[in-house]
Amino acid sequence: MSRSRWHMSEVDGALIVARRSPAHFDVAAKTLIEGGADLRKSRVAHQVRQDMWRALQSLRGLAPVVRVVAQGEDLEITAGGMIAGRFPKHDSEARIQAVLDNPDNRARWVRFAKRRS
């Protein structure tokens, strides 16, 4: 049986999932899921983290961070992370934004976060 090595914390209503604690963003991109405030934040955060990791796994020193917070009826997602060493910030942020803006990803996140377990 494996143990999760992800840190989950809630700060001011925002759920933060990070590889290292305390978490901060050296690189980040944001999106909003309209009408998503009722979704399970932890499920959305882990799905975003997995997709972001797939897109950036070649980026050495990346420790992913995802922040999910309800903003009224919407769900705001900030994805990115901490990076040890030099990295192409603009390119990294563009790749994260592409993951966040992908309609197939977004539909899957919503479906997964609505499931009951």
Side-chain angles (χ1 to χ4, degrees):
M1 176 183 285
S2 66
R3 291 178 25 187
S4 175
R5 297 187 316 175
W6 292 96
H7 299 277
M8 291 181 67
S9 59
E10 191 144 347
V11 178
D12 297 328
L15 176 72
I16 299 169
V17 175
R19 173 59 82 193
R20 297 187 192 124
S21 182
H24 68 273
F25 290 97
D26 294 325
V27 61
K30 289 186 178 188
T31 193
L32 195 69
I33 296 180
E34 294 181 6
D38 62 335
L39 299 174
R40 291 176 156 175
K41 289 188 266 186
S42 63
R43 287 182 167 230
V44 171
H46 281 290
Q47 289 288 297
V48 171
R49 174 193 57 80
Q50 288 172 351
D51 289 339
M52 181 179 58
W53 176 252
R54 288 181 191 111
L56 295 174
Q57 62 186 332
S58 63
L59 187 58
R60 293 183 56 89
L62 174 66
V65 178
V66 177
R67 180 180 181 271
V68 181
V69 63
Q71 297 288 346
E73 294 183 12
D74 303 328
L75 196 66
E76 181 184 81
I77 302 168
T78 305
M82 302 177 288
I83 302 177
R86 296 177 55 161
F87 66 98
K89 185 171 183 169
H90 180 71
D91 178 63
S92 301
E93 288 179 339
R95 290 166 62 189
I96 295 167
Q97 194 66 56
V99 168
L100 296 177
D101 292 342
N102 182 299
D104 294 333
N105 289 346
R106 295 169 69 88
R108 183 172 30 81
W109 302 337
V110 169
R111 279 193 315 271
F112 185 75
K114 285 183 177 179
R115 292 187 190 157
R116 299 197 186 270
S117 43

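Since this is a predicted model, take the numbers as computed values, not measurements. Positions are given from 1 along the sequence.
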List in chain and number order the residues that pass salt bridge (Lys or Arg N to Asp or Glu O under 4.0 Å) with [X], two or more places apart in sequence or in another chain; answer none if no residue qualifies.
X      : result
Arg108 : Asp51
Glu93  : none
Arg106 : none
Arg49  : none

Atom pair [atom1] ([X]) and [atom2] ([Y]), whose distance is rounded to the nearest 0.5 Å:
X     : Y      : atom1 : atom2 : answer
Gln47 : Asn105 : CD    : CG    : 9.0 Å
Trp53 : Arg19  : CH2   : CZ    : 8.0 Å
Ile83 : Leu56  : CD1   : CG    : 7.5 Å

When Leu39, Asp104, Ile33 are each screened for side chain to side chain contact (heavy atoms under 4.5 Å, CB included) with Trp109, the one that passes is Ile33

Run Val17 and His7 through side-chain contact (heavy atoms from CB on, under 4.5 Å) and show every step you take. CA-CA 6 Å; Val17 175; His7 299 277; over 6 Å; no

Joining Ile, Leu, Val, Met, Phe, Trp and Tyr whenever any side-chain heavy atoms lie under 4.5 Å apart, the cluster holding Val11 also takes in Ile16, Phe25, Val65, Met82

| task | Determine, step by step, whether Glu10 and Lys41 satisfy the side-chain contact (heavy atoms from CB on, under 4.5 Å) criterion, reporting the C-alpha distance in whole Å, the side-chain angles of both residues, the deciding distance to 0.1 Å, and the verdict. | result | CA-CA 10 Å; Glu10 191 144 347; Lys41 289 188 266 186; 3.6 Å; yes

Minimum heavy-atom distance [X]-[Y], with the two atoms named:
X     : Y      : answer
Ala79 : Leu100 : CB-CD2, 4.1 Å
Ala28 : Thr78  : CB-CG2, 4.0 Å
Pro64 : Met52  : CB-CE, 3.6 Å
Ala29 : Ile96  : CB-CG2, 3.6 Å
Val44 : Ala113 : CG2-CB, 3.5 Å
Arg95 : Ser58  : NH2-OG, 3.7 Å

Sequence neighbours excluded, the answer for side-chain hydrogen bond (donor to acceptor under 3.5 Å, both in side chains) partners of Asp26 is His24

Sorted by chain and residue number, the side-chain hydrogen bond (donor to acceptor under 3.5 Å, both in side chains) partners of Gln97 (sequence neighbours excluded) come out as Asp101

Quick note, salt bridge (Lys or Arg N to Asp or Glu O under 4.0 Å) partners involving residues 58-84, not counting sequence neighbours, are Arg67-Glu76

| query | In terms of hydrophobic clustering (I, L, V, M, F, W, Y; side-chain heavy atoms under 4.5 Å; direct or indirect links), are Phe87 and Val99 co-clustered? | reply | yes

Taken in chain and number order and not counting sequence neighbours, the residues that satisfy side-chain contact (heavy atoms from CB on, under 4.5 Å) with Ser42 are Met8, Leu15

Exercise. Give a yes or no on this: more than 12 heavy atoms of other residues, nucleotides or ligands lie within 6.0 Å of atom CD of Glu34.
Key: no

